[in-house]
Amino acid sequence: ILNMTVVSTGVRVIEGDRAHVLVFANQTDTKVATKQTDSAGAMFAVDLLRQGDQWKITNIDTFN
């Protein structure tokens with residue numbers, strides 16, 4: 001079971017209805033059989049497009 005909690009975000013660029021946001025998160029991975037849990041940090045970038053009053057994700061970059 002993988003859980004992710006967003007710790008912080010930062011808007012890198014916002015132009016009109018488009019934005020590029022950096023996301024910092026904590027992840028925990030629990031193996032069901034052994035109940036062993038591992039934790040790690042994660043960072044990724046998200047491109048967003050505003051449609052009406054909502055922001056929609058158009059791309060996620062995991063820097064791989």
Side-chain angles (χ1 to χ4, degrees):
I1 300 170
L2 179 65
N3 290 306
M4 181 178 289
T5 303
V6 173
V7 176
S8 181
T9 59
V11 177
R12 188 164 171 238
V13 175
I14 188 164
E15 294 176 344
D17 289 340
R18 297 190 175 274
H20 185 76
V21 176
L22 296 176
V23 179
F24 301 89
N26 290 331
Q27 299 179 121
T28 56
D29 177 23
T30 303
K31 294 175 178 63
V32 175
T34 63
K35 299 195 189 294
Q36 178 183 352
T37 299
D38 294 314
S39 298
M43 182 176 82
F44 53 94
V46 179
D47 291 322
L48 303 162
L49 176 64
R50 183 172 31 204
Q51 295 179 337
D53 63 347
Q54 295 183 342
W55 288 90
K56 306 282 181 152
I57 296 172
T58 59
N59 187 54
I60 298 174
D61 182 359
T62 59
F63 308 117
N64 286 332

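Model, not experiment: these values are computed from the prediction.
Across all non-hydrogen atoms, the minimal contact from Phe44 to Phe63 is CA-CE1, 3.4 Å.
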Quiz item: Yes or no on side chain to side chain contact (heavy atoms under 4.5 Å, CB included) for Ile60 and Thr62, after CA distance, side-chain angles and deciding distance?
Solution: CA-CA 6 Å; Ile60 298 174; Thr62 59; 4.3 Å; yes
Exercise. Go through the steps to decide whether Thr30 and Thr37 satisfy the test side chain to side chain donor-acceptor pair (under 3.5 Å), and finish with yes or no.
Key: CA-CA 4 Å; Thr30 303; Thr37 299; 3.0 Å; yes
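Separating the CG atom in Leu48 from the CG atom in Asn59 is a distance of 10.0 Å, to the nearest 0.5 Å. Atom NZ in Lys35 sits 8.0 Å away from atom CD1 in Ile1 (nearest 0.5 Å).
Take Asp38 and apply the salt bridge (charged side-chain N to carboxylate O under 4.0 Å, His left out) test, not counting sequence neighbours, and it matches Lys31.
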Report all side-chain donor-acceptor pairs from residues 2-24 shorter than 3.5 Å, counting only partners two or more places apart or in another chain.
| unit_1 | atom_1 | unit_2 | atom_2 | d |
| --- | --- | --- | --- | --- |
| Asp17 | OD1 | Arg50 | NE | 3.1 |
| Asp17 | OD1 | Arg50 | NH2 | 3.2 |
| His20 | ND1 | Asp47 | OD1 | 2.5 |

